[in-house]
Amino acid sequence: MNKKLALIAFPVCAALLMASQGRGEEPLAARREAAQKTALDFMREMGADLQKELAKSGPAGAVSVCSDLAPRVAGQISRQTGWKVTRIGTKVRDPLLGLPDAWEQKALMDFAERASQGEDIDKMSFSEVVNEPAGKFFRYLKAIAMKPPCLACHGPESQIAPEVRKVLSERYPHDLATDYQLGDLRGAISIKEPLDQN
Ligand code: HEC
């Protein structure tokens, strides 16, 4: 940018920035930060409970952590924040909560592309303000990678114990969420925040 342009551009940008903040719109960076904190809290709570249950009753007993606790915690956070908070998968076990919508599908595909270029899945996120028929929404996605404990229920068939396979096939006869390898992109925490209705 040449000097003259920079002299004009800077005050214009600063004025626009102040104008947008003046209207009471929370800057995107702050929204992103709040969404990230919520996603990390969710993952941490799930991780801790899963480890505890795996140690106590093994993978077959721990299925309930994922099947009961995850939806319950996601529901609690959603009601408290007023945002829709859920976990989605690149392949899905629970279609009600896990199946990505169009925006999420595209973002997951971008994550997979970024991962194939060598980017660290654990540090990957994406956010955007989108216009939908019912108004504006802030959307945030935090990528989830396959870790060693996840293999017991999402890994290759050979690594899933027979009793776990039995419980899974009873509860989720249409389960697609297996055959993942360590380090694969498993899915994401997805947060959707209404912007206009507040
Ligand atoms: C003890 C078995 C078990 C383990 C271990 C496990 N999961 Fe799951 N996972 C499940 C079940 C059961 C569901 C379906 C939950 C529901 O009904 O909403 C699920 C659902 C998910 C979903 C939501 C998308 C979908 O397919 O429905 C994600 C994402 C996920 N798991 C990630 C992980 C990750 C990451 C780990 C490792 C940190 C992990 N899981 C470990 C059993 C397990």
Side-chain angles (χ1 to χ4, degrees), residues 35-79 83-112 114-115 119-127 139-192:
Q36 184 189 35
K37 188 183 170 307
T38 300
L40 285 174
D41 284 349
F42 184 20
M43 284 169 83
R44 219 171 287 132
E45 176 154 359
M46 287 304 305
D49 286 328
L50 191 62
Q51 296 283 11
K52 227 189 298 162
E53 205 50 45
L54 281 171
K56 204 173 94 189
S57 35
V63 168
S64 64
V65 173
C66 260
S67 66
D68 305 341
L69 189 76
R72 198 162 67 228
V73 173
Q76 249 162 24
I77 299 175
S78 297
R79 288 187 293 276
W83 311 336
K84 181 179 176 188
V85 179
T86 188
R87 291 185 315 171
I88 51 165
T90 50
K91 294 187 290 180
V92 173
R93 177 159 292 163
D94 175 4
L96 173 62
L97 300 172
L99 198 64
D101 68 16
W103 183 87
E104 290 162 337
Q105 287 168 32
K106 186 173 175 309
L108 282 177
M109 283 177 192
D110 289 344
F111 281 167
R114 284 161 64 179
E119 200 177 324
D120 183 356
I121 293 175
D122 288 331
K123 297 195 178 119
M124 234 179 249
S125 67
F126 178 64
S127 59
R139 305 209 58 174
Y140 172 90
L141 220 56
K142 170 149 189 45
I144 305 175
M146 280 290 290
K147 304 282 180 199
C150 321
L151 288 168
C153 299
H154 296 296
E157 290 281 297
S158 60
Q159 295 196 34
I160 303 182
E163 65 270 26
V164 176
R165 248 181 279 159
K166 185 166 174 285
V167 178
L168 289 177
S169 67
E170 279 165 13
R171 292 203 193 180
Y172 304 94
H174 302 282
D175 185 13
L176 296 174
T178 54
D179 245 350
Y180 286 95
Q181 308 289 332
L182 198 60
D184 278 356
L185 175 67
R186 169 69 186 90
I189 305 281
S190 179
I191 296 182
K192 181 172 180 178

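Counting starts at 1 for both ligands and their atoms, following the listed order.
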Any heavy atom of Gly187 sitting closer than 4.0 Å to ligand 1?
no
Any Met46 heavy atom less than 4.0 Å to ligand 1:
no
Classify the contact between Leu50 and ligand 1 as side chain, backbone, both or neither, using a heavy-atom distance cut-off of under 4.0 Å.
side chain
The closest protein heavy-atom partner of atom 5 (C) of ligand 1 is Pro149 O, 3.3 Å
Residue pairs fulfilling salt bridge (charged side-chain N to carboxylate O under 4.0 Å, His left out) with at least one residue in residues 141-161, sequence neighbours excluded:
Asp122-Lys147
Pairs flagged by side-chain hydrogen bond (donor to acceptor under 3.5 Å, both in side chains) wherever residues 170-179 is involved - sequence neighbours left out:
Ser67-Arg171, Arg93-Asp175, Lys166-Glu170
Is it true that Lys106 and Asp110 make a salt bridge, defined as a side-chain N closer than 4.0 Å to a carboxylate O?
yes
For Met43 and Ala143, which heavy atoms make the closest approach, and how far apart are they?
CE-O, 4.4 Å
Given side chains that start at C-beta, do those of Ile88 and Leu141 come closer than 4.5 Å, heavy atoms only?
yes
Can you confirm whether Leu182 sits close enough to Cys150 that some side-chain heavy atom of one is under 4.5 Å from a side-chain heavy atom of the other?
no
One pair to check against side chain to side chain contact (heavy atoms under 4.5 Å, CB included): Arg87 and Cys66. What are the steps and the verdict?
CA-CA 11 Å; Arg87 291 185 315 171; Cys66 260; 3.8 Å; yes
With sequence neighbours left out, the residues meeting salt bridge (Lys or Arg N to Asp or Glu O under 4.0 Å) with Asp68 are none
With a cut-off of 2.8 Å, how many protein N, O or S atoms neighbour atom 8 (Fe) of ligand 1?
1
Nearest to atom 18 (O) of ligand 1, what protein heavy atom do you find, and at what distance?
Asp94 OD2, 2.6 Å
Taking the six-membered ring for Trp, are His154 and Tyr180 parallel (under 30°), tilted (30 to 60°) or perpendicular (over 60°)?
perpendicular
Ligand 1 to Ile144, heavy atom cutoff 4.0 Å, flagged ligand atoms 35 (C)
Is the contact between Ala188 and ligand 1 made by the side chain, the backbone, both, or neither, using heavy atoms and a 4.0 Å cut-off?
neither
In the protein, what heavy atom is nearest to atom 14 (C) of ligand 1, and what distance, to one decimal place, separates them?
Tyr172 OH, 3.5 Å
Please list the nearest protein heavy atom to atom 29 (C) of ligand 1 with its residue and the distance rounded to 0.1 Å.
Ile88 O, 3.6 Å
Within the structure, is a non-hydrogen atom of Ala152 found at a distance of less than 4.0 Å from ligand 1?
no
Pull out every atom of ligand 1 sitting under 4.0 Å from any heavy atom of Lys91, numbered as shown with elements.
26 (O)
Using a 4.0 Å cutoff against the non-hydrogen atoms of Pro59, which atoms of ligand 1 qualify?
1 (C)
Contact check, Gly47 vs ligand 1, heavy-atom distance below 4.0 Å
no
Pairing of Asp101 and Lys84 as salt bridge, 4.0 angstrom limit:
no
Pro100 side chain reached by Val92 side chain, heavy atoms, under 4.5 Å:
yes
Is the shortest heavy-atom distance from the side chain of Leu54 to the side chain of Pro59 under 4.5 Å?
yes
At less than 4.0 angstrom from any non-hydrogen atom of Pro71, what atoms of ligand 1 do you find?
18 (O)
For Phe111 and Thr90, what are the C-alpha separation, side-chain angles and deciding distance, and is it a side chain to side chain contact (heavy atoms under 4.5 Å, CB included)?
CA-CA 10 Å; Phe111 281 167; Thr90 50; over 6 Å; no
Which of the atoms of ligand 1 are close to Ala62, meaning less than 4.0 Å from one of its heavy atoms?
1 (C)
